[in-house]
Amino acid sequence: MGTVADLVDAVYADLGPQVQGLVYDYSPVPFSHEPGRFVLPEIIEARGAAEVLVDDWCGRSLYRADPVQRRAAKILNPFVWSYHAEECSVIREDLGQGDVREVRERLLDWTLGRGMTVPLHLPGRGFATLSAFIEGRADMDMLARFALQAFELQDRISVELRQARGPLTLREAECLSHTAAGLSAKQIAHELNRSESMVVKHLQAAASKLGARNRSHAVAIATRQGWID
């Protein structure tokens, strides 16, 4: 076993020279309380040429406008895509949309305009994707091999995250961490782009799992036992 970063490194090292970059992202809940609005990923690991996109995808929230992510959230099957308007692609009709143009321009500037993505819909509404950026067009054999790697990667990451977080889910641990930093439930909801009632629910669940009397007691237990920093 290893860290999430180590596991992604191993997959990237195993991919052939046709793959220019790799991105793995994960969120325990893909959408905020606003319908159709993505929550930014809790984990994002980029390798190779794809490392340049992380700041814009998260810092400037281009992740939310990415048609590849939108499609992955709605389907189960791996798919090939292209941001080149002259090429047939599952996202071709989306390329003219206003919020997609900047995504397309960035990827084409970075020569990351083609790739393949595996949607990973997880228990408890968790959502992840593994995307490879490639020079040419992927055939079905290449996509099938990549899908197998993605599912095996997610199985290993799920085990790693469960061991790392102990009895708490990622979101419960995150809410407790923000509580430890002095944020109220309302402030945490704003920080995570979630409803206040959902944050309260996570905090109550964490307290119950830890056998705590209240939030402060839950923070103390979680910190002492190493479930949060």
Quick one, [X] and [Y] - any side-chain contact, counting heavy atoms below 4.5 Å?
X	Y	answer
V199	H178	no
Y24	L7	no
F146	V80	no

**Prompt:** Taking it one step at a time, do L192 and R171 satisfy side-chain contact (heavy atoms from CB on, under 4.5 Å)?
**Reply:** CA-CA 9 Å; L192 300 180; R171 190 61 79 190; 3.7 Å; yes
Which heavy atom of [X] sits nearest to which heavy atom of [Y], and what is that distance?
X	Y	answer
A72	T129	CB-CG2, 3.8 Å
A50	L112	CA-CD1, 4.0 Å
V68	D66	N-OD1, 2.9 Å
L62	V103	O-CG2, 3.8 Å
P119	F151	O-CE2, 4.2 Å
A212	H217	CA-ND1, 3.4 Å

Donor-acceptor pair, side chain of [X] and main chain of [Y], under 3.5 angstrom:
X	Y	answer
H121	I75	yes
R47	V23	no
R114	F133	no
R104	Y83	yes
S158	Q154	yes

Residues two or more places apart in sequence or in another chain: which of them pass side-chain hydrogen bond (donor to acceptor under 3.5 Å, both in side chains) with [X]?
X	answer
E135	none
S89	none
N214	none

**Asked** Would you call the rings of W110 and W57 parallel, tilted or perpendicular, where under 30° means parallel and over 60° means perpendicular?
**Response** tilted
When rounded to the nearest 0.5 angstrom, what distance separates [atom1] in [X] from [atom2] in [Y]?
X	Y	atom1	atom2	value
L95	W81	CG	CH2	11.0 Å
R60	E102	CZ	CD	4.0 Å
D94	R70	CG	CZ	7.0 Å
R137	D139	CZ	CG	11.0 Å
R106	R101	CZ	CZ	16.0 Å
I188	H202	CD1	NE2	10.5 Å

Taking everything shown except [X] itself, do over 12 heavy atoms lie less than 6.0 Å from its [atom1]?
X	atom1	result
H84	NE2	yes
K209	NZ	yes
E93	CD	no

Verify the cluster assignment for [X] and [Y]: are they in a single hydrophobic cluster under the rule of side-chain heavy atoms below 4.5 Å apart?
X	Y	value
L210	V200	no
L148	V19	no
M140	L130	yes
I44	V52	yes
L183	L168	yes

**Request:** May I have the step-by-step check of side-chain contact (heavy atoms from CB on, under 4.5 Å) for D25 and S131, ending in yes or no?
**Result:** CA-CA 9 Å; D25 58 75; S131 296; 5.6 Å; no
**Message:** L153 and side-chain contact (heavy atoms from CB on, under 4.5 Å): which single residue from V11, V118, L120 fits?
**Reply:** V11
**Message:** T117 vs R71, test: side-chain contact (heavy atoms from CB on, under 4.5 Å). Steps then yes/no.
**Reply:** CA-CA 10 Å; T117 291; R71 180 173 179 83; over 6 Å; no
**Message:** Quick one, E45 with Y26, criterion side-chain hydrogen bond (donor to acceptor under 3.5 Å, both in side chains). Give me CA distance, side-chain angles, the key distance, then yes/no.
**Reply:** CA-CA 9 Å; E45 294 284 344; Y26 164 81; over 6 Å; no
